[in-house]
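Letters go in sequence order (proteins before strands), and every chain restarts at 1.
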Amino acid sequence: MEQPDKGYEPRNVEKRWYDFWEEHQLFAANESDSRPGYSIVIPPPNVTGVLHMGHALNVTLQDILCRYHRLKGHNVLWMPGTDHAGIATQNVVEKKLAAEGRNRHELGRERFIDAVWDWRKESGSAIIHQLKRLGASCDWKRERFTMDDGLSLAVRTVFVQLYHEGLIYQGDYIINWCHRCHTALSDLEVEHEEVSGNLYQIRYPFCDHSGGIVIATTRPETLFGDTAVAVHPDDERYRNLPSESVLLPLTGRSIPIIRDAHVGMAFGTGALKVTPAHDPNDFEIGNRHNLPRPKVIDDNGRMTDCAGKFEGMDRFKCREAVVQALQDQGLLVGVEPYSHNVGHCYRCKTVVEPNLSRQWFVRAKPLAEKAIAAVQNGQTRIIPEIWAANYYEWLNNIRDWCISRQIWWGHQIPAWTCEACGKMTVSLTPPKTCDTCGHSVLIQETDVLDTWFSSALWPFSTMGWPENSPLLKAFYPTSVLVTGFDILFFWVARMMMMGIHFMEDVPFKDVYVHALVRDEAGKKMSKSKGNVIDPLTVMDQYGTDAFRFTLAAFAAQGRDIKMSEKRVEGYRHFINKLWNASRFALMHVSPDSADIPAGALTLPSQWILSRCESVARSAAEALETYRFNDAAGLLYQFVWHELCDWYLETVKPALYGKEGAPVLEQTRAVLWRVLKNTLICLHPFTPFVTEEIWHMLPGTRGSIMNARLPRDGDPGFGRFENTEAEQQMAIIISIITGIRNIRGEMNLSPSLKLNALIHTEHSQITETVHRHGDIITHLAKLEKLAVDLPGERPRAAATAIVEGAIVFVPLEGILDLAKETQRLEKEIEKLSLDLSGVSRKLSNDDFLGKAPEDIIGKVKAKHAALSEKQQHLQINLDKIKAMI
RNA sequence: GGGCGGGUAGCUCAGCUGGGAGAGCAUCGGCCUUACAAGCCGAGGGCCACAGGUUCAAGCCCUGUUCCGCCUACCA
């Protein structure tokens with residue numbers, strides 16, 4: 001005989017339903033739909049990428065939002081796509097070539113770019129498949145790529161317009177140069193890292209070779225590019241110098257001593273070597289003093305002819321050699337260990353060199369001002385708000401954005417230089433003639449644009465801009481951008497700038513900034529550290545739903561999420577619990593269960609319906625405010641500890657009871673309704689298992705994705721909310737728990753039937769026990785249950801005190817008197833501690849005079865309850881003691 | 001140098017506008033009870049980093065100290 005599945009097996013289920021969703025186009029947005037629109041553009045993963053934890057969190061949160069809004073009845077667009085990731089991708093393909101013993105220079109630009117496209121074709125969709133594994137409900141038919149024709153047109157259009165508006169310019173400036181990637185980098189693409197090096201003190205002698213000025217540097221090899229020594233204008237030490245110039249060591253070149261306020265008098269000797277071509281400050285100083293700016297390190301990291309006999313030497317080798325030479329000549333005054341920050345390439349970690357070169361820049365200030373204003377005036381909300389401060393900070397101090405890169409893979413800058421007059425023509429398409437002189441031979445700029453330039457246009461370029469497309473009309477601005485804080489500046493701020501400039505509206509109404517996923521120890525996951533947890537492995541092992549639920553439950557954490565498989569395992573148990581509870585429910589419900597028959601519902605049914613509606617509402621509220629963890633927690637608590645622990649247990653007698661009884665039909669109907677609504681509420685978090693159960697649930701048709709959330713505004717929603725039922729159920733639960741507690745503490749076998757007597761003065765309790773005593777009898781495994789006004793107490797009884805009542809479990813003959821004495825004493829001690837705290841408050845006139853009424857009332861009630869409880873226990877304790 | 005976040009149970013973390021300290025995991029005890037041992041029932045466990053302050057009342061607000069982490073920066 002075929003055994004039913006004991007546990008939930010996600011493997012086949014996930015594949016099956018994902019295919020089903022795609023097949024039925026359930027992810028498709030419709031630009032001519034009248035329903036309220038909801039849109040998200042995905043942060044495009046790099047084409048080189050493989051799914052990591054960061055993607056998993058980011059994509060899961062977006063998917064939860066999209067699925068939630070679909071269940072709300074919205075017309076949802078989740079725009080997917082990938083990023084060409086200029087330097088990163090070029091590096092990957094170059095590495096591949098290197099493995100074959102080739103390099104891009106042999107191939108030439110065109111063939112190299114073809115090779116990159118080929119590579120993208122064969123492996124670029126890996127990341128997309130992995131997103132699908134996660135359940136991502138993107139509208140895949142609309143998938144875009146930052147280098148596809150449409151987006152490339154958008155890039156050129158933006159470039160041309162900004163150029164003509166004077167917001168893009170070309171100029172000679174100090175930029176960050178990576179010798180390995182052989183390109184300029186923007187300031188953001190440089191990672192500063194503390195490195196321990198040396199601070200060298202070098203004497204620059206006066207021209208008569210006497211004395212001199214001692215300067216300090218961490219990069220002695222750059223001295224060949226020095227064109228001055230600078231001191232502070234107010235520095236007394238350098239007031240009357242024997243000479244106004246010094247000899248540059250190892251060269252014999254004479255350089256002037258200049259006065260510039262940039263120099264810090266307190267640092268070292270207060271004298272600074274000025275190397276305009278290789279240091280941003282020195283560059284500024286050089287400009288102020290009209291100094292020449294010779295380059296001493298070339299684009300490959302080797303010394304130029306300026307370095308004399310060191311020409312051609314590697315920059316770091318040269319450093320050693322220069323130090324040695326200086327020492328030989330007695331010009332090295334001192335060396336001290338010095339730790340300082342050094343810039344590294346964010347892609348290949350090579351030490352970057354500040355380097356003078358001709359680059360393209362975006363004038364950022366005017367764009368930034370509007371981006372700041374848009375957040376200040378609430379057009380875009382940043383959530384959590386704390387990140388707005390970082391956003392302002394960066395934009396307020398923004399510097400011009402270096403957008404040109406000396407690589408091949410990317411959008412080639414649409415600028416052409418005239419062979420005849422040397423003037424620039426910037427145009428959407430290759431110009432036939434020079435704008436200035438009309439000459440017809442023009443050469444295109446070889447540089448490509450920073451990858452983030454095209455990313456900055458993503459919210460509107462993907463929707464068809466520069467066309468005024470129906471998609472833009474329907475879905476721009478997008479509802480929310482979900483992203484990690486690591487790209488707040490790289491991406492979010494720049495999308496804001498570009499969106500406002502070109503669309504005259506912000507790109508998104510909300511920005512939800514989530515944490516970064518780290519390993520168990522809180523370290524960044526990286527291949528080199530070997531601490532990477534692969535999301536695919538986790539999904540294989542625990543199922544995608546369990547993984548997604550974990551991510552959602554973690555989403556609240558501040559800046560870090562420490563991922564551990566242990567946690568995922570816990571949530572796998574939850575998925576399995578849901579699975580088993582559903583299996584149980586499915587044994588009892590039928591298509592006829594869809595309508596709840598007229599007639600009074602049993603208390604547990606009233607209660608669970610009330611709870612279900614309340615949880616649905618709270619979970620929805622949590623999602624509306626991006627409190628993913630709260631929503632997940634509410635549903636978890638409800639399913640496990642209310643639906644399973646209490647409701648399913650209370651209704652078993654009815655479900656296994658007499659066929660045809662009204663209570664049976666009723667219970668089946670309630671079970672059906674609660675299960676159905678629970679599945680819908682859970683679906684955004686755990687799409688696969690809920691879809692699977694949905695199809696097993698009689699009376700449902702089609703995909704759960706077409707269902708509607710139970711929520712405010714629905715006809716009939718709220719009609720089951722019932723505070724009285726919740727109160728009565730709370731009484732029953734506390735009585736049962738009290739009796740179970742006695743059983744546990746006394747080590748009484750679960751199979752031993754007990755009697756219980758409840759003393760209470762509260763008619764609500766008396767009535768509840770009278771009407772629903774069967775539930776207590778069943779779940780506390782009682783033989784007899786009675787309720788009475790307080791009076792004669794049974795002999796040798798264990799006691800449980802609950803709010804407003806006292807429960808006796810007579811244990812004549814089996815009560816361990818010593819044990820019960822101990823238990824009661826411990827309990828009383830705990831109570832007196834609580835009680836003394838409360839009493840202190842009530843005897844405090846300040847408290848009584850200043851605290852609000854409701855608080856005082858609460859404390860008084862608390863006091864009464866505690867002392868009543870203590871009294872009861874004390875009486876019992878005395879009684880037991882008398883028996884010993 | 002500037003800024004930000006965090007220090008709550010053994011572990012990982014919740015704790016919203018101040019009003020009786022929570023969850024999951026782990027631990028201990030009892031249960032194969034007919035959806036589930038990936039389970040059920042129960043228990044123990046916290047000077048909420050430290051020191052002050054504001055308040056009738058502080059995990060929460062203010063000040064300082066300390067430890068950890070991150071971001072940012074042109075002192076060579």
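Judged by distance alone with a 3.5 Å cut-off, a donor-acceptor contact links the side chain of A/E649 to the base of B/A35.
In this structure, A/Y346 has its ring center closer than 6.0 angstrom to the ring center of A/F490. Two rings, from A/Y636 and A/F574, have their centers less than 6.0 Å apart. In this structure, A/Y647 has its ring center no closer than 6.0 Å to that of A/H641.
The salt bridge (Lys or Arg N to Asp or Glu O under 4.0 Å) pairs that include a residue from residues 267-278 of chain A are A/D226-A/K273, where partners are two or more places apart or lie in different chains.
Nearer to the 5' terminus of RNA chain B, by closest-nucleotide assignment, is the contact made by A/R627 (compared with the other of A/R627 and A/T217).
Not counting sequence neighbours, A/E193 has no partner by the salt bridge (Lys or Arg N to Asp or Glu O under 4.0 Å) test. Under the side chain to side chain donor-acceptor pair (under 3.5 Å) criterion, A/E783 pairs with no residue, sequence neighbours left out. Under the rule for a ring-ring contact (aromatic ring centres under 6.0 Å, His included), A/Y200 has no partner lying at least two apart in sequence or in another chain.
Residue contacts shown for A/V859 are absent, as no nucleic acid heavy atom lies under 4.0 Å away. Residue-level contact check: A/K652 touches the bases, meaning some heavy atom is under 4.0 Å from a base atom. Among the protein residues, A/P354 comes within range of no part of the nucleic acid, since none of its heavy atoms lies under 4.0 Å from any strand.
Across the strands present, B/A49 finds its partner in B/U65; the criterion is a Watson-Crick or G-U wobble pair with both atom distances under 3.5 angstrom. Pairing for B/U27 goes to B/A43, judged as Watson-Crick or G-U wobble with the two contacts each under 3.5 Å.
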Using a 4.0 Å cut-off on protein heavy atoms (strictly under), produce a 5'-to-3' string for nucleotides 21-30 of chain B with B for base contact, S for backbone-only sugar-phosphate contact, and - for none.
---SS---SS
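Using a 4.0 Å cut-off on heavy atoms, the residues of residues 842-850 of chain A that approach RNA chain B are A/N844, A/D846, A/F847, A/K850, listed by number.
Between A/R399 and B/C74 there is a side-chain polar atom (N or O) within less than 4.0 angstrom of OP1 or OP2. The side chain of A/K781 places no N or O atom within less than 4.0 Å of a non-bridging phosphate oxygen (OP1 or OP2) of B/C31. Using a 4.0 Å cut-off, some side-chain N or O of A/K830 falls inside it from OP1 or OP2 of B/G44. When the side-chain nitrogen and oxygen atoms of A/N741 are compared with OP1 and OP2 of B/A43, one or more of them lie within a distance under 4.0 Å.
If you take NZ on A/K869 and OG1 on A/T799, they are separated by 11.5 Å, rounding to the nearest 0.5 Å.
Classified by interplanar angle (parallel below 30°, tilted 30° to 60°, perpendicular above 60°), the ring pair A/Y512/A/Y626 is parallel.
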